[in-house]
Participant: 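Questions regarding the structure given below will be posed in turn.
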Amino acid sequence: MGASSGPRRLSGMQKQALALYRGFLRAARSKPAEERRQIESVVSSEFRKNSKQVDRKNFIYIEYLLRRGNKQLDQLKSPDTVGLSSLSVDSSQTTGSSS
């Protein structure tokens, strides 16, 4: 019997996060080259930062990030939008740490 080397099953939130990430990359393709690189950089760094800083069991905050990300994606899909900026949210209150 071999180790489970196959792909692991993703949770619903993980699937939503991956779909959101892919949506940002697809939306970036419709922008000019310079803006596309900037958008891809911001999206990549935000997702990477949140994957390291946000507690995986903090479902309320993850749902908030998904909602906020979907709103930003809708804005980015607008032909009038040319860029994306990152927004810093103080996650120290949302990491579930008890004082």
Side-chain angles (χ1 to χ4, degrees):
M1 200 174 223
S4 61
S5 61
R8 62 183 194 145
R9 296 182 63 109
L10 299 176
S11 73
M13 282 190 187
Q14 288 171 321
K15 289 178 183 177
Q16 289 177 39
L18 288 172
L20 182 61
Y21 186 78
R22 286 192 305 268
F24 273 112
L25 296 182
R26 284 188 189 111
R29 282 191 225 143
S30 67
K31 305 299 178 188
E34 185 59 35
E35 284 83 14
R36 178 174 47 241
R37 283 189 290 277
Q38 187 261 345
I39 291 167
E40 290 169 350
S41 174
V42 168
V43 168
S44 175
S45 67
E46 284 291 310
F47 272 80
R48 188 167 286 118
K49 178 185 76 163
N50 286 324
S51 74
K52 290 179 170 70
Q53 291 181 351
V54 176
D55 181 12
R56 292 174 186 234
K57 293 186 171 121
N58 192 346
F59 302 121
I60 293 172
Y61 186 61
I62 295 169
E63 288 172 349
Y64 160 75
L65 290 173
L66 288 170
R67 282 193 308 273
R68 190 182 86 191
N70 280 310
K71 287 179 185 176
Q72 288 177 327
L73 179 57
D74 289 342
Q75 290 176 340
L76 184 62
K77 287 179 179 178
S78 167
D80 300 330
T81 305
V82 292
L84 187 67
S85 64
S86 69
L87 173 67
S88 294
V89 176
D90 182 13
S91 63
S92 64
Q93 298 172 353
T94 59
T95 56
S97 61
S98 49
S99 301

Participant: According to a hydrophobic-cluster definition based on side-chain heavy atoms being under 4.5 Å apart (Ile, Leu, Val, Met, Phe, Trp, Tyr only), do Phe59 and Tyr61 belong together?
Facilitator: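 The answer is yes; both residues are in one hydrophobic cluster.
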Participant: Under 3.5 Å, sequence neighbours excluded: what are the donor-acceptor pairs made by side chains of residues 17-28?
Facilitator:
none

Participant: Could you walk me through whether Asn70 and Gln16 pass side-chain contact (heavy atoms from CB on, under 4.5 Å), step by step?
Facilitator: CA-CA 10 Å; Asn70 280 310; Gln16 289 177 39; 5.8 Å; no
Participant: Quickly, which of Glu40, Glu34, Glu35 forms a side-chain hydrogen bond (donor to acceptor under 3.5 Å, both in side chains) with Arg37? Name it, please.
Facilitator: Glu34
Participant: Who else is in the cluster with Ile60 when I, L, V, M, F, W and Y are joined by side-chain contacts under 4.5 Å?
Facilitator: none
Participant: Quick one: list whatever passes side chain to side chain contact (heavy atoms under 4.5 Å, CB included) with Arg56, sequence neighbours left out.
Facilitator: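 Residues passing side chain to side chain contact (heavy atoms under 4.5 Å, CB included) with Arg56: Gln14.
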Participant: Working to the nearest 0.5 Å, report the span between CD of Gln72 and CD of Gln75.
Facilitator: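 Here the rounded value is 7.0 Å.
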Participant: For Asn50, give me all partners under side chain to side chain contact (heavy atoms under 4.5 Å, CB included), at least two apart in sequence or on another chain.
Facilitator: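 Partners of Asn50 by the side chain to side chain contact (heavy atoms under 4.5 Å, CB included) criterion, ordered by chain and then number, come out as Glu46, Val54, Leu65.
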Participant: For residues Met13 and Ile62, report the shortest heavy-atom separation together with the two atoms involved.
Facilitator: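 Closest heavy-atom pair between Met13 and Ile62: SD-CG2, 3.6 Å.
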Participant: Applying side chain to side chain contact (heavy atoms under 4.5 Å, CB included), can you list everything that pairs with Arg48, at least two apart in sequence or on another chain?
Facilitator: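 Arg48 satisfies side chain to side chain contact (heavy atoms under 4.5 Å, CB included) with Ser44, Lys52 only.
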